[in-house]
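Accompanying notes for the structure given below.
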Amino acid sequence: MTLYLVLLLPFVGALGAGLLRATARNVEAWLAGAVAISCAAILATYYPDMLAGRVVQVAVDWLPQYGLTFGLRLDGYAWMFAMLVTVIGALVVVYARYYMSPADPVPRFFSFLLAFMGSMLGVVLSGNLIQLVMFWELTSFTSFVLIAYWYHRTDARAGARMALTVTAAGGMCLLAGVLMMGHIAGSYDLDRVLAAADTIRAHSLYPWLLTMVLLGAFTKSAQFPFHFWLPRAMAAPTPVSSYLHSATMVKAGVFLLARLWPVLSGTDLWFAIVCSAGLASLLVGAYAATFQRDMKGVLAYSTISHLGLITLLLGMNSTLALVAAVFHMLNHATFKASLFMAAGIVDHETGTRDLKRLGGLYHAMPITATLAMVAAAAMAGVPLLNGFLSKEMFFAETMFAGEALWLRILLPATAILAGMFSVAYSARLIRQVFLGTAPGELPRTPHEPTRWMLLPSATLVLLCLLVGVLPGRTIGPVLDLATRAILSDGRMPVYSLKVWHGLNMPLLMSAAAFIGGLAIHAWMTHLGHPEGVLKPLFRRFDGKRAFSVLQVRLIRGATRLVNGISSTRLQTQLALIVVAVITAAAVATLGRLNLDLTTDLAQIDPAFALLWVVGGACAIGAALQAKFHRLAALIMVGCAGLVTSLTFAWFSAPDLALTQVSVEVVTTVLLLLGLRWMPKRLAMDLKNRDTARARARRVRDATLAIVAGVGMAVLAYVVLTQPAGPGIRDFIVKNALPGGGGHNIVNVILVDFRGFDTFGEITVVGIVALTIYKLLRRFRPAPEVMASSGQKRDPGRELPDPRDAVPKGVMLVPAIIGRLLLPMAGVVSVFFLLRGHNAPGGGFVGGLVMATGFIAQYLVNGTLWVESRLRIHPQYWIGGGLLCAAGAGCLAWFASLPYMSAIVWEPKLPLLGKLHLSSVLVFDLGVYLLVVGTTTLMLIALAHQSLRSHRRVAEAEELTSVRMVR
Amino acid sequence: MSTLLRHLPVLPIVLPLISGALLLFLPQQRTVLRSSIALLSTLAQVAIAAYLLHRLIDPQPGLLEHGVEVYVLGGWVAPYGIVLVVDRLSALMLALNAAIALPVHVYSLAHWDRVGVHYHSMLQFLLMGLNGAFLTGDLFNLFVFFEILLSASYGLLLHGSNAVRVKAGLHYVAVNLAGSLIFLIGVALIYGVAGTLNMADLGVQWAAMAPERRSLFEAGVGILGIAFLIKAGIWPLNFWLPKTYTAASPPVAAMFAIMTKVGVYALLRMGSLLAIPEAPAPFAGPWLFYGTVATMWFGIVGMLAARQLTRLVAFSVIASSGTLLAVIALGVTSATAPVLLYLIASVPAGTAFFLIAGMTERLRVNSVTEETRAPQPTTYTAFMAGEPHEVGDNELDEVGVAIPAALAFLGMAFVSCTLLTTGMPPLVGFMAKFSIISALLGAAMDQSSLDAWLLIVSLLAAGFAGLIALTKRGMRSFWSTGRTTPRLRFIEAMPVAFLILLCVTMTIAAGPVMNYLDSAAEWLHEPNAYIHAVLPTREVSP
Amino acid sequence: MELIYSLAVGIFCACGVWLLLRPRTFQVILGLALLSYATNLFIFAMGRLTLDRPPLIDPNVVADASLYDDPIPQALVLTAIVIGFATTALFLVMLIASRGFTGTDHVDGVEKDE
Amino acid sequence: MNTVLHAAVWFAQLCFALAMVNAAIAVMRGPTAQDRVLALDTLYINGMLTLLLFGVRWASFVHFEVAMLIALFGFVGSASLAMFLYRGEVIEP
Amino acid sequence: MMPEIPAWIALPATVLLIVGGLLTLVGSIGLLRMPNFFMRIHSVSMGNTLGVGCVLVASMLIASAVAHRPVIHELLITLFVVFTAPITAIVLMQAAIRRTKPPKQ
Amino acid sequence: MKRIPVLLPLGLAVLWLVLTESLSWGNVALGLVLGFGMVLSFQNLRPVTPRFRRVHVGFGLLFKVLVDIVKSNIAVGRIVLGLTHGREVRSGFLDIPLDMRDPHGLAVLAMIVTATPGTVWSGLADDSSMLRLHILDLQDPEAWIRTIKQRYERPLLEIFE
Ligand code: NA
Ligand code: NA
């Protein structure tokens, strides 16, 4: 279980570091360092297990249904990599403590660094491939925030984003590949996948999954053609570069290739893809590194090149090459991290990393220079340093990689060429920075940094030396256990780690590379370090540029696409909805319905036909007039509503007719109240009416309308001429009186069988009324409408004084009669409310009648007059109605019945006889109250706008003038 | 207490109604009292939903016969009356609703509840509508609850009305009114053919329906499906969605994150009940699948094109709807549980994202344009009880403690939401996406279904595109130079933290969560138990 | 009668759809009104058409479904009418508010060519 | 006797239907807005009469309430239209 | 379905229905035939008054015969029509006057 | 101190009884409660209440109005159908000076005028001293003025003032 600590500590540390104060630089560093060293120490305790070839595994179920466990799996290879991550991590922490400026917010830095360390350890130690992918993506995110640490810099932001985009995309591909692999293997468990290697290679999807996995690995390891993000990531603080972009994160790709080597390698496809990518990266990286001006640029490209070398080795399908690859992973980590640290020191001390501005630093900082020289030598492959050993193994492998002749020539030749460039850029780096003299003033006067800053670099250089001189004693066992862990038993190759193998072909190749490299360097010095001659060619295939162009195009294209496939027009949206509905209905019914029109014609009642001549004419008239003659259209819609309610009455639905009529009246008033605020529209402004587009749109809409109408008519007719099935109506009809206690079945349904619908329906009405009120409170009428209020139309007319008992003149008689109507409406409304259960009526109609009574008062008396004499608090009516209805439902609880069960109470009173009280009546009362409240609220709040305009005429005129000025 | 327990299923509907109605009696000036009542109601809903969910995690045999609890409203058994049905899916949706309602509610207490009147009532009514839509077992009653939640959403959308909100609101209302009419036509046609409205009974009737009536029924179901799809935001019926969500005030938009999922829920429920072997469910079909994949892509492309964080999140809501529907439409049974996980991961993420967007908007220098400025409210003293003036969108009162690490918190929250929305590791969004793809791979590889491959590719691409879009937007919000240090109140930060913690919890407890979802999915694909529980008196065809 | 009734539904629906697709807010609201009439008539039609059989129980006659018009669609229509009324009111207020804010009665809040 | 009565009902119904057609034509034709309002009012009255006829025709008086409601509040629609024409406001301040 | 109505009720009812129908029809014809609004409003009130009255009396007769008791609630309709008709008529007339002759300055 | 109205509540109670068609004690009580309840709750909206003096005059008036309605219906019907024997119909406005000031009396006059086809109420002076009617067949203005004043205004004055 202690193994979990290795993973847990960095994340806990990250959290702790994040919470510390911004000035706590030392505490932060101590914390981070302690975490790294503790992890390394814990790992070290497993060394005996590793030597014995044991695999330490811990796992808990996470999403067992989908084969996801959270587990750690420590074998030799993972151990080696984890040690690399933690040890270099510790060194980087020490280095960073002195590198970071006091102005930098260090908590963020160390927090992210530790989180990255944890993620990287997660990748390395995952025993489940899905879990591995999770940590893989986490390294992308943590590296993203680390690169963008100085986010105020444009290059940092852009570099971070590019890195994230490329590596996260790779991660997606990796996920896809891993999923396929897991599906074939039947598990995502690494051991099971390794065991199913043959099945996977034989599966028809192998090319696909291989491609996906390789995309993941290549993007992470910055392999050609995805290498471009790495140089841009150099905008990160140097400790980050030295840790992530040389030693650890970029290694994740090659780590994975080696990890899955037994599963995926061994095929021609593997050889072709991996070797080409490796070879291309090797050459491109080495060549580009030679012509960089930035120190970190040189290192970045050289990293690409060295990772290419590792990839190439992994692609060779040979176990010996695998050993060389693993060996070079370690070697590259040590010398490259050390070189980055040196670059950081130079930058830190001089204020620049530009090779053209630097020079002669050996005098100012001899220790730094020495360390850098040794590390660079290791990078160039100078004997007695670790780089030499692995490179020699590489040269040896190139000769036996392929059977084909061209391969046996091409590979060694390219290896030598790459080796030459490698020597050249190493030499150039040292020479340009530390030797000679500086061409001009440096931003800062350089001197040796503190010992603590040199210590990490020195440690790494020491390691280079030790390994280079005594490979068998130092790195030998580790390399052995790591490779053994990768390969299954019995495939372990025979190799020897010695400095001197005798005068053989690899040594000659090394020598050739060395001499060639120095020659290139000399030639370049002679030319004054030109830009790469191949640079124009490169620009063509420049991934970096392609990336940014792609990104811009992507956004632009997306915007264009979204605008193209969506619309801001309501009409388009509604037309699409209509089309969708028509299509849905047509798909189901076309050719499957039988229409029989003949039987019906005989029984047509001429009066009904005439009624619908009226209805149809009014509807069509409304459709044609709604634009220019709104009032006429409104009247016609009112007629259509009347015809509808007569139709309901005709076909045995008195309740519907009643409701429709009362709603119709209120709706007419409502729409009229709104009409006042609409702009005047004259038939003359026809400017766009007859353009071709407008005509086409009208044709389209007319077609849609006709198709929809015909469709609906057909559906209605087919249903009408089919006999009704039994359904639930029998039960309802039979139980309405005995069970529901009412003669009016519709009302029994409304308040009892389906009372919950009514309950919801009144809530809707209440909500809408409150919404209308909300909206009207903030109403802003258009200025010109304000100006054209009724008062303006009738100059000289004074508004009636609210204190007058009766209005003068014309409105006298309407007022007198109208006022009498209110108590009458009250009585009629109670009548409807109380009888609803047994005859047409009910709370809704009753409420509407009462509300219409109120509205009639406003109509004949004016707002001010009514409100000076009567306070209606509609929200109390609404609230009361809702509570009443809800409470009626709750009454059933006291009788231990479900909500909304009807409860009847029949007390006997003297004189009056038996009273019939029922929770249903209370419910209907709630409906009544609510309808009164909502209807008055809607209409009166709307009517109040005239009051507002009346009050604010002056304000509006001012506003108009302001608008005109603008 | 035992009485209340027996009536538990109806409480998520009645409770918010009663509290919302009670609030109408309290003057707007009693801010504290009003907020307390509303908050109590929301908390109670959380408790009820949690209890209902808890009961179904491991149902005791006595209490819930088949893991389905039926509440017979008014004592009229189905199919004659309306019943509420608590099964694993509806309990899950209830809990999800409560889980986002609480943080949204708390968030709005900081400022937004005073931007217009009747905010708390509206929110309670919205919750009532949502809860009802998830609970009801009756098709027409579903319509009614849709109307409740829609009308409450109109009110909330127009909360603190200004030109932008009114303009967007007009389209939103128009589209939804059309949608409601379509819903009605569909329900009517279904009733006209089947003679019943209970959803379980419809399943029974559909299974036994005479062939000559099938086409009409299918037409009804198809029309109904369009209504659901409009709500779910399927392309090309969703052009209203981005502008609506962008215009709404942040807590309202946050609440809207679940509204599209109501449409998805309805489709899932109806699809489950109407899926019989004799005839293919009318909801399924290749056109639906391609439409939903198009929706996914529309959402993705929209995310890339969006210039505003809220708009981007709105498109991500579309993408998530598309994802859900696409997986459902593909009809891979084993993917149902994962897609439910995706649902419960994406909704809190969307909610949190809208809340964060509300806070990051403040990072930018406040620019009040004519469009976004609200006119001065009037009071109707003569006719309404007196109400105080509302505060504007941008009038933050400076009372309250600004937390120091505001930017860091917002950044972390943003990253978490990005991970959740895009399905990147390590949060539950990834687990959902991974398990969906894992299930789809089965279909893709074993049945060599091209559609499944298409969906897998779309899912991966969606995550990636979302990442690109969100990184761009996040960098602009957090790493731009022209921003002010935000004032962030604890009461605003807490809800976001709660939502993210919820997702983290789900991530850690993915196994148990998936167990629950697995059983929910199993019940969904085996609707006979549901039908048996709802219709004790009816014979169910085997 | 069924034929006339169906035609009626169709005409209302067609006029409603036509108006719904028009660019002016007032046209749209009238379209919605006509469409809701069409919808209500359509729902009502699902109970089939009967003359002189209002669903009011005569206690002297044994209750039998064939004696009465199907009451369920009637109840549904009632709910639909009420909700339709409320939403029409809301849409009306929305459109005058939109007109107030934008200065135009175009549904998109800006004058576009139609 | 019922036959005669039925014929009368049928005749009256036709008359009212024709009257409604006339009113509808007037609504369409106008020419002025007040003409349309007047026609709407007529239509309402004729509708009310038709409803009363249903009562006679089927000897069932369930439609009486609808007719009564039209009688009581049918005027509100046309009156508010008239107010709108008269003052430009349906409800004055 | 209608039970058998005694002739002494059916006969007057028949006459009233025919007269009422004709009056209303004639009134509505006036709506189309009269040359201006001020004349149309008179013709329409034919249906509003005597037309309604005839049908109401007929309805009362039949209802009373069917229910075997005097049914008088049709009187309420008369009451309401008489009450409310002036409101519309007065306001509409004012509107017409204003809209026909522009008000003098 | 306002006096409690009696007549209107009673009238409303009657309205209730006619509506419900039941004369049980309970219903009568309910009708009375409703009548008084409604009138009292909306009392403020009816600041002017009528004072009835000689109600019985009303019956005579009612009879006269009924006769006039039938007569004028016939007259207007002829005009509509063009059965005027070639006589040209001249319609026009007619101003009638009024003695009645009581608003309720004027309201009843308006009802009568509206109920009889051929006359429409077209205006009232601010001080109610002059009534303007529109008359369909304005042959003899003096006769019209006489009819209105004698047949209708006088009985109304008797009832209301
Ligand atoms: Na029917
Ligand atoms: Na008259």
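Note that this is a predicted model, so its numbers are computed, not measured. So you know, we letter chains A, B, ... as the sequences are listed, proteins then strands, and number each from 1.
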Under 4.5 Å heavy-atom distance to chain C, tell me which part of [X] shows up: side chain, backbone, both or neither.
X        : value
A:Ile620 : both
A:Pro738 : neither
A:Leu673 : neither
A:Ile749 : side chain
A:Leu656 : both
A:Val578 : side chain
A:Glu664 : side chain
A:Arg778 : backbone

Can a donor-acceptor pair be found, under 3.5 Å and without considering hydrogens, that links the side chain of [X] to the backbone of [Y]?
X        : Y        : result
A:Arg729 : C:Ile72  : no
A:Ser652 : C:Thr50  : yes
C:Arg48  : A:Val719 : yes

Give the table of side-chain donor-acceptor pairs shorter than 3.5 Å for residues 12-23 of chain C, with sequence neighbours excluded, one pair per line with atom names and distance.
residue, atom, partner, partner atom, Å
C:Arg22, NE, C:Trp18, O, 3.2
C:Arg22, NH2, A:Asp701, OD2, 2.1

Is there a side-chain contact between [X] and [Y] (heavy atoms, below 4.5 Å)?
X        : Y        : result
A:Pro679 : C:Thr104 : no
A:Leu670 : C:Leu92  : yes
C:Phe85  : A:Thr935 : yes
C:Val107 : A:Gln573 : no
A:Leu776 : C:Val93  : yes
C:Asp69  : A:Phe651 : no
A:Met678 : C:Leu95  : yes
A:Arg676 : C:Ile96  : no

Once you round to the nearest 0.5 Å, how far does [atom1] of [X] lie from [atom2] of [Y]?
X        : Y        : atom1 : atom2 : answer
A:Asp730 : C:Asp70  : CG    : CG    : 9.5 Å
C:Leu90  : A:Met938 : CG    : CE    : 8.0 Å
A:Phe608 : C:Ile4   : CZ    : CD1   : 7.0 Å

ask   = Considering all heavy atoms of both residues, which atom of C:Ala97 and which atom of A:Phe779 are nearest to each other, and what is their separation?
value =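 Where C:Ala97 meets A:Phe779 most closely, the heavy atoms are CA-CE1, 3.8 Å.
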
ask   = Which pair of heavy atoms, one from C:Pro71 and one from A:Ile732, lies closest together, and at what distance?
value =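 Result for this residue pair: CG-CG2, 4.4 Å.
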
Using a cut-off of under 4.5 Å on heavy-atom pairs, state which of [options] scores highest against chain C.
options                                : value
A:Leu942, A:Asp605, A:Thr644           : A:Thr644
A:Phe648, A:Phe753, A:Trp650           : A:Phe648
A:Ala653, A:Ala708, A:Gly842, A:Gly616 : A:Ala653
A:Val748, A:Leu720, A:Thr758           : A:Leu720
A:Leu671, A:Asn735, A:Val764           : A:Leu671
A:Ala769, A:Gly641, A:Ala941           : A:Gly641

inquiry  = Taking side chain to side chain contact (heavy atoms under 4.5 Å, CB included) as the definition, give me every residue that meets it alongside C:Ser66, ordered by chain and number, with sequence neighbours left out.
reply    =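 Per chain and number, C:Ser66 pairs via side chain to side chain contact (heavy atoms under 4.5 Å, CB included) with C:Asp64.
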
ask   = What part of C:Tyr68 gets closer than 4.5 Å to chain A, counting heavy atoms only: side chain, backbone, both or neither?
value =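 Both parts, backbone and side chain.
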
